[in-house]
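First comes the structure, then the notes that go with it.
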2 protein chains.
Amino acid sequence: MSGINLKSLSEKLGLSQTTVSRALNGYPEVSERTRKRILQAADEYNYRANAGAKGLATGRTMRIGHVIPLNDDHQMVNPVFGDFISGAGDVYANAGYEMVLSVVSGEKEHDAYRDLAAKRSIDGVIVHGPRKNDPRPALLDQLGLSYVVHGRVDDYDGAYSYLDINNRRSFLRATEFMLDLGHTRLALLNGWEDFDFAARRRAGFEEALDSRGITADPSLMLEGEMTETLGHSAARRMLAQNNPPTGFVVSSTMIAMGVRRALDDLGLAISRDVSVVAHDDVLSYLDNGNALPVFTATRSSIRAAGRRCAEILIQRIENPKSDPVTELWEAELTIGQSTGRAPT
Amino acid sequence: MSGINLKSLSEKLGLSQTTVSRALNGYPEVSERTRKRILQAADEYNYRANAGAKGLATGRTMRIGHVIPLNDDHQMVNPVFGDFISGAGDVYANAGYEMVLSVVSGEKEHDAYRDLAAKRSIDGVIVHGPRKNDPRPALLDQLGLSYVVHGRVDDYDGAYSYLDINNRRSFLRATEFMLDLGHTRLALLNGWEDFDFAARRRAGFEEALDSRGITADPSLMLEGEMTETLGHSAARRMLAQNNPPTGFVVSSTMIAMGVRRALDDLGLAISRDVSVVAHDDVLSYLDNGNALPVFTATRSSIRAAGRRCAEILIQRIENPKSDPVTELWEAELTIGQSTGRAPT
DNA sequence: ATGGGTGTTCAAAGCGCTTTGGGAATGAGT
DNA sequence: ACTCATTCCCAAAGCGCTTTGAACACCCAT
């Protein structure tokens, strides 16, 4: 129905397309009087420049891509994703960008970037879930696409923009906190350690134990999908061992909820019998008890990360010659009701 | 870097752009020999048609929009969203469509649709989270944009495409199941009843009680954000009443997890002391205990809904004259470990 | 030889915008 | 009176594709 174009709009105004276009895009060489007239007419007819045509003419699509990998086993999208894009999306909207999403599984991921680049349908892209030896920065540099990595890749030689939290330090501190409470048998329930963030968390965990002369027990360390079920089954299993842990260091509040359920199953009290410290992404739908936190946790808002990644990417797109931006955020350790002195 | 266009590709081949274009788009009027040559060259140079230019020429952008509303209070994206788009995204990818996302809050939602339509950046749109008196179908019909509603709007006169689950019936059955177990004091923890799905669930709940001559107790019915916290605090409060409920009918497994935590707090055993039945969206990251379900639940996969909505929408886009498609799915009631006979 | 298919290719127009390279009008400077 | 900037506006080219209408070659039947 609707859909007036520049041509007819300018005809209605008795002006050339050039003038109307310039007025609408804020160029100076048009008198204020006519600009006002034009703006008003554009509003009246609900005119908006055809995105495809504009992209063709300018070479900029005003569109940013997110390629989100699908876990092949569970066809699962990382549940933090909703919050991330809600942060990023807000920034995009205010800057006049659109967000395009590609959910792809495994091997097809590479192609997704190639495709988006070759079709020229985006100006830049956010890289989610970087892994060890992640090939994407190299690919994107080669494709000439602007990008920002949410997280880090350990092994890329080139300079690239990223925003990460200090995962190693977070887990170092969380683990030390447990050690200070007298816990010596500590379990780690982690995400897949193929992901950079999880590898760093494990390193922090082990570093803390090492510094107290404790060697990490492999039977108390598990990596996997960060679900409630993982927390539950792992905790059940570990607590049934000969020398069960008195504390759990876990990578998400979802896992922590599973651990709590296992404790309930076994009639154990959280904090008194077994302590739990988690990493909390401050997801909007998992508020970890507003006023007094349920779980002791290292916290860092995924939504804030989404916002900041978007800002950085836009800045990179609009100024590609500038130096890459890198930020490393510290997570905050908040004491909740899930930790206490180790039972004696 | 990369980025060859039709012109240079056809020059390399010594053919006209017409022929190359036709070959690539599968038109018959080009000999198999040349088509093969062209396909090969296209592959070699990694040629892909510029999306904007193609859209301009054809009038079809091969892009589908999802406008997802942001809860203003919590800046929260519905956590089922990840699964929905992972289902839809897969269908899009296979059909050659891209997905564009707009996360917008409250009053700006209307504008988002207007914008996308006026800029001609999408061919169609999925309507999420329909509410009572939802104005969007009327708006979209007026804008001439193809769409399909995930859920239903109660009050729209026009014919429109939707995919919904039978929420009323689900909650009717779940409630009857509880009644059959001897529970007479039943609580309902629901999503915001401004949403169509939640209103229907409540209707089903009340209908079941009515049919047994029980009148629903307003102090046992709550609507709100479907979080763990809601389940926890509501259950705590309701169980502290004079005449506490022996069963909870709740709208998500997230809420159910909160109820379970409240029971643990109070030293009550789930199923023996208090029963819980939930609606389960079968989210990939909340698998409700793979083999034996933790919660008794009415189940319907959100991912499957995403897939189907996408299929319907594509069909509508490619064949706009066809009649609207409407589907109503029945949820499946699966018995888990969270329900038992009412204590006597 | 002539005409009509049939199969294969092409030149050029058009999609809706931005942007280059002027042109006309006005006012100021000499 | 004449030049020279300024200010404001415009015609036309170009972005990379699809698609219309026509051309060309070839073959078979008349």
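As a basis for the values below, the full set of heavy atoms in this structure was taken, side chains included, without hydrogen atoms, waters or symmetry mates. Keep in mind it's a predicted model, so treat the numbers as computed, not measured.
Considering only side-chain N and O atoms, A:T19 lies under 4.0 angstrom from the phosphate OP1 or OP2 of D:dC10. An OP1 or OP2 oxygen of D:dG16 is reached within less than 4.0 angstrom by no side-chain nitrogen or oxygen of B:K54. Contact annotation: B:N5 reaches the phosphate of D:dG16 (side-chain N/O to OP1 or OP2, under 4.0 Å).
Here the C1' atom of nucleotide D:dC10 and the NZ atom of A:K7 are 15 Å apart, to the nearest Å. Rounding to whole angstrom units, CD of residue B:Q17 and P of C:dC15 are separated by 17 Å. With rounding to whole Å, B:L9 atom CG is found 15 Å from D:dT18 atom C1'. In this structure, the CZ atom of B:R60 is 19 Å from the P atom of C:dC15, given to the nearest Å. Rounding to whole angstrom units, CG of residue A:L13 and P of D:dC8 are separated by 17 Å. Between the NZ atom of B:K119 and the P atom of C:dC15 there is a distance of 22 Å, given to the nearest Å. Rounded to an integer number of Å, the gap from CG of A:L6 to P of D:dA11 is 13 Å. Nucleotide C:dA11 holds its P atom 11 Å from the CG atom of B:L15, rounded to whole Å.
When side chains are defined from C-beta on, B:V325 does not count as touching B:V148, because their heavy atoms never get closer than 4.5 Å. By the 4.5 Å heavy-atom criterion applied to side chains, A:H66 and A:V100 are not counted as neighbours. Contact of the B:Q17 side chain with the B:L9 side chain is not registered, since no non-hydrogen atoms from C-beta on lie closer than 4.5 Å.
Looking at the side chain of A:L56, the nearest of the listed nucleotides C:dT19, D:dT18, C:dG16 is C:dG16. Taking the side chain of B:S16 as heavy atoms from C-beta on, and the options D:dC17, C:dA11, D:dC10, the nearest nucleotide is C:dA11.
Qualifying side chain to side chain contact (heavy atoms under 4.5 Å, CB included) partners for A:R37, counting only residues two or more places apart in sequence or in other chains: A:L13, A:L15, A:T34.
Between B:D90 and B:R307 a salt bridge is recorded (basic side-chain N to carboxylate O distance below 4.0 Å).
Remark: side-chain polar atoms of B:D134 are not paired, donor with acceptor, to backbone N or O of B:V153 under 3.5 angstrom. Between the B:S8 side chain and the B:I4 main chain, no donor and acceptor come within less than 3.5 Å of each other. Proximity of a side-chain donor or acceptor of A:D196 to a complementary backbone N or O of A:P130 within less than 3.5 Å is not detected. The backbone N or O of A:R60 sits nowhere less than 3.5 Å from a side-chain atom of A:D123 that would complete a donor-acceptor pair. Checking side-chain atoms of B:R316 against main-chain N and O of B:S322 turns up a donor-acceptor pair under 3.5 Å.
One end of the helix from C:dA1-D:dT30 to C:dT30-D:dA1 points its axis 60° away from the other end's axis, with each axis taken from 5 pairs and the angle rounded to 10°.
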Tabulate below the donor-acceptor pairs under 3.5 Å that side-chain atoms of residues 112-119 of chain A make, not counting sequence neighbours, or state none.
from, atom 1, to, atom 2, distance (Å)
A:Y113, OH, A:R136, NH1, 3.4
A:D115, OD1, B:R48, NH1, 2.3
A:K119, NZ, B:E98, OE2, 3.4

Below 3.5 Å between N/O atoms, which protein atoms pair up with nucleotides 21-25 of chain D? Just atom names and distances, please.
none

Polar atoms only, N or O, under 3.5 Å: list the protein pairs with nucleotides 24-28 of chain C and their distances.
none

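Counted within 6.0 Å of CD on B:Q40, heavy atoms from surrounding residues, nucleotides or ligands total 12 or fewer; the atom is thus considered open.
Within residues 23-42 of chain B, the residues that place at least one heavy atom under 4.0 Å from DNA chain D are, in residue-number order, B:N25, B:Y27.
The structure places CZ of A:F195 at 12.0 Å from NZ of A:K132, a figure rounded to the nearest 0.5 Å. Annotation: the span from B:L283 atom CG to B:S301 atom OG amounts to 8.5 Å, rounded to 0.5 Å.
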